[in-house]
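Here is the naming used below: chain letters follow the sequence lines, and residue numbers restart at 1 for every chain.
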Number of protein chains: 10
Amino acid sequence: MAEPSPETLETFENPFPERNYLIETVAPEFTSLCPKTGHPDFGTLTITYIADKLCYELKSLKLYLQEFRNHGAFYEKVTNTILDDLVAVTSPRWMKIEAAFTPRGGIRTTVIVEHGKKPE
Amino acid sequence: MAEPSPETLETFENPFPERNYLIETVAPEFTSLCPKTGHPDFGTLTITYIADKLCYELKSLKLYLQEFRNHGAFYEKVTNTILDDLVAVTSPRWMKIEAAFTPRGGIRTTVIVEHGKKPE
Amino acid sequence: MAEPSPETLETFENPFPERNYLIETVAPEFTSLCPKTGHPDFGTLTITYIADKLCYELKSLKLYLQEFRNHGAFYEKVTNTILDDLVAVTSPRWMKIEAAFTPRGGIRTTVIVEHGKKPE
Amino acid sequence: MAEPSPETLETFENPFPERNYLIETVAPEFTSLCPKTGHPDFGTLTITYIADKLCYELKSLKLYLQEFRNHGAFYEKVTNTILDDLVAVTSPRWMKIEAAFTPRGGIRTTVIVEHGKKPE
Amino acid sequence: MAEPSPETLETFENPFPERNYLIETVAPEFTSLCPKTGHPDFGTLTITYIADKLCYELKSLKLYLQEFRNHGAFYEKVTNTILDDLVAVTSPRWMKIEAAFTPRGGIRTTVIVEHGKKPE
Amino acid sequence: MAEPSPETLETFENPFPERNYLIETVAPEFTSLCPKTGHPDFGTLTITYIADKLCYELKSLKLYLQEFRNHGAFYEKVTNTILDDLVAVTSPRWMKIEAAFTPRGGIRTTVIVEHGKKPE
Amino acid sequence: MAEPSPETLETFENPFPERNYLIETVAPEFTSLCPKTGHPDFGTLTITYIADKLCYELKSLKLYLQEFRNHGAFYEKVTNTILDDLVAVTSPRWMKIEAAFTPRGGIRTTVIVEHGKKPE
Amino acid sequence: MAEPSPETLETFENPFPERNYLIETVAPEFTSLCPKTGHPDFGTLTITYIADKLCYELKSLKLYLQEFRNHGAFYEKVTNTILDDLVAVTSPRWMKIEAAFTPRGGIRTTVIVEHGKKPE
Amino acid sequence: MAEPSPETLETFENPFPERNYLIETVAPEFTSLCPKTGHPDFGTLTITYIADKLCYELKSLKLYLQEFRNHGAFYEKVTNTILDDLVAVTSPRWMKIEAAFTPRGGIRTTVIVEHGKKPE
Amino acid sequence: MAEPSPETLETFENPFPERNYLIETVAPEFTSLCPKTGHPDFGTLTITYIADKLCYELKSLKLYLQEFRNHGAFYEKVTNTILDDLVAVTSPRWMKIEAAFTPRGGIRTTVIVEHGKKPE
């Protein structure tokens, strides 16, 4: 499998750009590698956004997320990187990612990042 | 079955127009077809609104939603279209639709659209 | 059983009128008849209020709600009527009723009505 | 879409015929039409079996079940028919289908059919 | 509404009499009156049976159960009576009714009655 | 309140003695006192039985259980005593009591006692 | 057991008075008597507060709440009284009590009282 | 704290030795140390038994289990040891321990040990 | 990462071979590749066994299961293979694996395989 | 094990200091000793913060929290102390700790402390 690259992400035109509406995508099968131990990490990504001109296409999002399968990255880094990639490709009015990882050593971590200010 | 048409929707007079009150309708048996693959999609629609002069009649809403059974439409399109149709027929003071679709490829999507500004 | 009448409702003096506090009553065994089909409807009423001088007495509330057992009324009508009756009898500072009915034809409806503005 | 036909079902060779083991398939997106009213029915099928020489292929099972989408059939009939079709195509050592349908008129029905005697 | 009578129950021919299979019907909106206090009782009936030549028709079952709405009967009596009526009309190979009533005075009761011996 | 006494328990004639059927009573508001510390204990009693000639009356059961409110008794003792009292008064074909107490010192206890052998 | 008295309540010095922080105490084993019927009531108290100079000591809170065991009081009265007692003894910056009682006659009640304005 | 020793366990006479009844004790706050890493392990112990002449006293059980707090032991060892100790002290007719440990490295383990044959 | 090999699995001596006791290991982070599409599959493995002379060591089990991460295998094949490998290495008195995979195309599959006959 | 000391805590550089984002860490295996009774306390810590220049390293956090294992501290004290230590080491823009302890004497306590004002 390839390394994660925003070029994998495809978009389509927002069919209702005149309306501020929410799209929420839940991807519970995210997995990457811990750069320190090499062991797999697992988590659930919840991506919520208000599109401007472009929406990401779901199948390409799935392929993009699969590219992290054999990629080493810390929780904080991987979540911010995915946000940056999705923002670069879709230029949304607002976007938030909540990444909830499964427990390690009895402790579990969630990272929540946001781009822009949510329109009321 | 016929194609989806707002003409299927019937209305009745709001019995308490002097009060801003919420009506919430949950339709967990919504199904349409994916326009790309032809496979069925399934979801739960939650429609919430504050009626002005008219309420939609529940049996006609059910028939209207059933008309999507053999109709091809993307998540974002179908949700916005249903909102537009319900708004056209009932002219509510405020309306919101939350459409939660079942997972495809391990990923699930929810689309949330809103018409007007909810009165306090 | 008698027809629904606010006269069934009894009250007692609010023991702490100097304080704005919430009383919440959940009645999950509400049933009335559908005026169109004659079939029974079932729902859960959640009544929340801030009393002024009077509280409703719980046993009389139960008897009042039982009077709807063989009474025909649409969801929107019955919820607004119960609010009007309770307001007429207790003159609360604020009151809200949330009526969640069980599914019919795969669709379920909740009606939420409010009287006055909730004090902060 | 075509009418339901066992010919849609494809099989593959049981990779471990020397062992009696269970395969359970849960299909929560089954839908057909009520032959009396024409309205859609919805249900979850749980198919459990011990294969002999053949297993059904999952994608073809999905297509076979989709063929019921515009097909009229009562609960008892449709469940027995699916069992008969799957048995005809795979000749399992044992098979059970539990079909749990969503409520209609406040009443919900489950049909449980079995073929053969489960080996201990 | 009429008094409960087995004559309300309609049947149809068991479409697969050569197979011993289970039909389970869950009716969560059962209500009758307490013969001592006149107050309504509420419960969920779960009827499970193996039909012989006849199945009960679901709409007629619903109407039959609605006839208990203004009928006074103790928990033990009403459950045994419904079993007797359903057995009289359908002559099943085996039938079980589990009637779970809602709490009264902080105590809740379930009555479980059975007709015949369940075939293996 | 009085001390617990089987004389508080009233019975009525089993309306269907020709049938072995189950009656289950769940009493989640049982409370007694710890004889060692004097602090209250709390638990949920689940009584299941097959009546012979007599059933216990529910209101009298409630009063009987309330008599333990200021009575000191260990878990094992109180559960066996209630079984003995109920058996003495109703002479059932079979009876079981499961008493699940709330945690003390982070540990929770359940006592399960049975009278007779459950008829098949 | 003694009658409820705020004198049972003991306090200790708030170890971090320079910080506005929340302490939440959940007591699910509260019981008192209904003054009308003499029957026991059961409920869960959730007490949340921001201490000023004093915190209540947990063991003494438990003993204070146990003093209601054989004390008659209506829901609204008992909740307000406990708030008044705790405020009198600890003079908190802010305090809230939510008392959720178990159902009686199929209806359950929650009373929510508050002292002071919660600091942001 | 001391090392785990069966001498910490105290017993009392079974108040109903003439009856085979179950006592179930759930201790969700068990913790010991991993002998390999020195890190703490956590688990829930469910002990079920039929006493003969002696029952273990709950407070002494709690103290006995606390003695494992700084004691190193593998899952399989610790569970079998506790069973042996409890059997040695109470000589039960039958006893079972289910020890469910929290996940380590994404994997969780449960050990289930039994002494004697459960009487019917 | 290496290809799956039973040589990764390490064992230790069963500390209580004189007792038939159960060890249950739940591994919810299993992932492999679909040999047809190349897309990842995800599932939860529940392994239960009664050891004879040897137990598998948990850390080596984790490493063994991780070796399936980039390995293509169908559900039925992968489950039977893991059972065969674990049996080869530990020669248990009895072993069962339940592999519950996440939904694909709205359908989810569980495979349950067993080795030997569970001793009573 | 050592006494709790902030020196155990290690940090790493916040990889995205230009963004205000949330990191939430849930540690459900926290245990300390009650200073009055010497008995163990158990709780779940939820730490949420917005890092400035430094993040705490998870493994060192785990070791730091383990140092409370044989340390005596009251609920309010231990929660405020952990907040102070984490703030001293990471100087976050905002931090909150919610410590939910398991029930003692039927009563459970949660302490919620906050440092700084959460940026919008």
Task: Among K59(H), E29(H), K62(H), the one residue meeting side chain to side chain contact (heavy atoms under 4.5 Å, CB included) with I107(F) - done: K62(H)
TODO: Would you check if V113(F) and R19(H) make a side-chain contact, meaning some heavy-atom pair closer than 4.5 Å?
DONE: yes
Task: Heavy-atom side-chain proximity of N80(F) to Y21(H) below 4.5 angstrom - done: yes
Task: Trace of the side-chain contact (heavy atoms from CB on, under 4.5 Å) decision for D84(F) with F16(H) - done: CA-CA 11 Å; D84(F) 283 351; F16(H) 284 77; 3.3 Å; yes
Task: Non-neighbouring partners of Y64(H) that pass ring pair (Phe, Tyr, Trp, His ring centres under 6.0 Å), sequence neighbours left out - done: F68(H)
Task: pair Y75(F)-I23(H): side-chain heavy atoms closer than 4.5 Å - done: no
Task: Region of P15(H) in contact with chain F, defined by heavy-atom distances below 4.5 Å - done: side chain
Task: Beyond-backbone contact of T25(H) with R108(F), side-chain heavy atoms, under 4.5 angstrom - done: no
- [ ] Side chain from CB out, backbone as N, CA, C, O: work out which of these in F101(F) comes under 4.5 Å of a heavy atom of chain H, or both, or neither.
- [x] neither
TODO: Specify the closest pair of heavy atoms between G106(F) and P28(H), including all atoms of both residues, with the distance to one decimal.
DONE: O-CD, 2.8 Å
Open item on the list: Do T109(F) and L58(H) have side chains that approach each other closer than 4.5 Å (heavy atoms only, starting at C-beta)?
Closed with: yes
Open item on the list: Run the salt bridge (charged side-chain N to carboxylate O under 4.0 Å, His left out) test against E57(H) and tell me which residues pass, sequence neighbours left out.
Closed with: K36(F)
